[in-house]
2 protein chains.
Amino acid sequence: MGNRSDEISKVITRAIINRRLTPGCKLSEQALADVFNVSRAVVRQALIRLADDGLVTVERHRGAFVSRPSHREAMEIYDALTMLEQGVAAQLSGRLDQRGWSELRHHVELQHKAVEEGNDELADQLGSHFHVILVKLSRNTVVQEMHAQLIRRTALLRSLVDSRFDYCGLLHDHSEIIDLLEAGRVAKAQELIDTHHRNVVKGYLMGENTEQSMSVHEALEPYVNDAKTPVNATS
Amino acid sequence: MGNRSDEISKVITRAIINRRLTPGCKLSEQALADVFNVSRAVVRQALIRLADDGLVTVERHRGAFVSRPSHREAMEIYDALTMLEQGVAAQLSGRLDQRGWSELRHHVELQHKAVEEGNDELADQLGSHFHVILVKLSRNTVVQEMHAQLIRRTALLRSLVDSRFDYCGLLHDHSEIIDLLEAGRVAKAQELIDTHHRNVVKGYLMGENTEQSMSVHEALEPYVNDAKTPVNATS
DNA sequence: ATGGGAAAGATTGCATACCAATCTCAAAAG
DNA sequence: CTTTTGAGATTGGTATGCAATCTTTCCCAT
């Protein structure tokens, strides 16, 4: 068992990624302490981790809230993803073995099936995961961790907008990126990575999605049940 | 004033970057609490921040230590810098105004003077800072923060080895990177960024530098004096 | 003497209790 | 209707205690 605060921050992270905790949601220390049945000190530690990850914003003497990225910040996150993946592309091209390319192609296949079956939820996840795999192939855990953090943050953005993706086009992008990289046409691949992310952002009909968010207790209930039986599971 | 634990983590970060606290150094909670005159709870929070930043490693029930990156991790950090800057290069080329290019050239000038004056300490700092400026010109605070974190971690590596840089070559690299980017020759610039970082790593004569490290109290004394008079400054 | 093991001591991880500073929000005053 | 005020809630931080674990030291058997 790791640190209690580490576990808790991971659980809250999951809840944010799954959009059970949405941007702006107040994360009261006492409420979280009750939910997880730990002391406030541990909750504070978890909140610090989350704040360092950018998922939570702490305002002095006001408390912690699920981050609500500004429009500018949203752009910066996607540009950061672009740059990181462009760098990965530069390293991957010409240095990756057949196994790597086929792993990527296999993944595109999977997402293709998900789209055909109309499983948008899954297609969405797989769409993100393509980029994760791409970065994983760089075999650099430092880059992987930075990239994963950015991906986590994009979940915040999805909570803020109605996403309407052109899966067909995005899938084709993935496919073409693989082809270009394998062919050693790095510059063209990097250009496509750029426009690809711009198309993803375009898929966000940037409007205030004032979706009602659940209470902290409600949002976290399935997770705490998962890990450890809470004291008073008033389901 | 921000959080106490935030301040403290920043002070410790400075001490690590300035190589007053070297890899492997034990960061005892009580010792730090005494030095900064705060409770252990605050110190723990600071240590969590530092651990998230990669500068400190916490081992359960053993305590926190200044991180001692493995050889592999060192490589990964420099490769991560490479990829990030390659991505920045892709974004910068053709989109940066004259002001930006001249800022970079001015900086190279500064470092050139430092080298001529034999001020290795300064030349070293400016050498790192060139890359910081490059990334800053991307005008992306997310990327900047990730890059800054990597730069901080390179300080750990400098503590571990004897660095013997060929400043002349490295400076020429910087100069040429600017030229290539301004000329729109991105691929060539990215290639040079790669070899540049490889040359930096080559400058590390990877040997266990078992330099004697100071005590925590000793190492942090000048910083705490800076911020707040400690209780018992037994210099 | 020397390697292994047990006991003592130190440190971490966490809980509880407490307090000052600050924010929130609603009621009272103008 | 706006401003002020004050009670209550929340945060940031301290102090203390305790169980679990790690470290060190000392003792004993080989």
Side-chain angles (χ1 to χ4, degrees), chain A residues 1-12 21 23-53 55-68 213 215-217 219-220 224 227-232, chain B residues 1-12 21 24-52 55-68 213 215-217 219-220 224 227-232:
Chain A
M1 287 176 235
N3 286 344
R4 205 78 189 78
S5 68
D6 201 23
E7 288 175 36
I8 290 174
S9 67
K10 281 186 178 122
V11 170
I12 297 178
L21 290 173
C25 180
K26 173 76 183 285
L27 298 174
S28 154
E29 294 184 358
Q30 194 56 59
L32 291 173
D34 293 344
V35 167
F36 292 106
N37 199 30
V38 294
S39 69
R40 268 180 59 212
V42 173
V43 170
R44 289 178 69 76
Q45 292 165 20
L47 291 175
I48 287 175
R49 286 180 211 274
L50 291 163
D52 279 349
D53 226 41
L55 294 180
V56 158
T57 303
V58 177
E59 292 176 38
R60 187 172 170 84
H61 279 285
R62 288 206 55 237
F65 305 83
V66 178
S67 293
R68 184 193 293 281
S213 73
S215 75
V216 171
H217 187 92
L220 293 172
V224 289
K228 189 183 229 177
T229 313
V231 184
N232 46 355
Chain B
M1 280 178 232
N3 287 345
R4 202 79 188 80
S5 67
D6 203 22
E7 288 176 36
I8 290 174
S9 67
K10 279 186 179 123
V11 170
I12 297 178
L21 289 173
C25 179
K26 174 78 184 284
L27 298 175
S28 152
E29 294 185 359
Q30 196 56 59
L32 291 173
D34 293 344
V35 167
F36 291 107
N37 200 31
V38 294
S39 67
R40 267 179 60 211
V42 174
V43 170
R44 287 178 71 76
Q45 292 166 20
L47 290 175
I48 286 175
R49 287 180 210 274
L50 291 163
D52 280 349
L55 295 180
V56 158
T57 303
V58 178
E59 291 176 38
R60 186 171 171 82
H61 280 285
R62 290 206 55 237
F65 305 81
V66 178
S67 292
R68 182 193 293 281
S213 72
S215 75
V216 171
H217 187 95
L220 294 172
V224 289
K228 189 185 228 175
T229 312
V231 185
N232 46 356

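Throughout, protein chains are lettered first and strands after them, A, B, ... in sequence-line order, and every chain is numbered starting at 1.
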For [X] and [N], give me the distance from atom [atom1] to atom [atom2], rounded to whole Å.
X	N	atom1	atom2	result
D6(A)	dC14(C)	CG	C1'	15 Å
R44(A)	dG13(C)	CZ	P	18 Å
E7(A)	dC14(C)	CD	C1'	13 Å
E59(B)	dA20(D)	CD	C1'	17 Å
F36(A)	dA15(C)	CZ	P	13 Å
Q45(B)	dT12(C)	CD	P	16 Å
Q30(A)	dG8(D)	CD	C1'	15 Å

Looking only at side-chain atoms of [X], point me to the closest of [options].
X	options	result
V58(B)	dG12(D), dA15(C), dG13(C)	dG13(C)
H61(A)	dA21(C), dT12(C), dT14(D)	dA21(C)
N3(A)	dG13(D), dA15(C), dG13(C)	dG13(C)
R40(B)	dG12(D), dA20(D), dG17(D)	dG17(D)
V38(B)	dC23(C), dT14(D), dA20(D)	dT14(D)
R60(B)	dT12(C), dG13(C), dC18(C)	dG13(C)
E29(A)	dC23(C), dT11(D), dA15(C)	dT11(D)

Legend entry - Approximate separation, where rounding is to 0.5 Å, of L47(B) CG and I12(B) CD1: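 That separation rounds to 6.0 Å.
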Inset, instruction - Give a yes or no answer on whether the side chain of S67(B) reaches the backbone of L55(B) with a donor-acceptor pair at less than 3.5 Å. - result: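 Yes, because the side chain of S67(B) sits within donor-acceptor range (under 3.5 Å) of the backbone of L55(B).
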Inset, instruction - Measure across D52(B) and R49(A) and return the closest heavy-atom pair with its distance rounded to 0.1 Å. - result: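 Looking at all heavy atoms of both residues, the shortest contact is OD2-CA, 3.4 Å.
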Inset, instruction - Give a yes/no on whether any side-chain N or O of R4(B) is located under 4.0 angstrom from OP1 or OP2 of dG12(D). - result: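 Answer is no, no contact under 4.0 Å.
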Legend entry - Along DNA chain C (nearest heavy atom to each residue), the more 5'-positioned of G63(B) and R62(A):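 Taking each residue's closest nucleotide, the earlier one in sequence belongs to G63(B).
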Inset, instruction - Using a strict 4.0 Å threshold on nitrogen-to-oxygen distance, state whether K10(A) and E7(A) make a salt bridge. - result: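 No, this pair does not count.
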Inset, instruction - Could you give me the CA-CA distance, side-chain angles and deciding distance for V58(A) and F65(A), then say whether side chain to side chain contact (heavy atoms under 4.5 Å, CB included) is met? - result: CA-CA 6 Å; V58(A) 177; F65(A) 305 83; over 6 Å; no
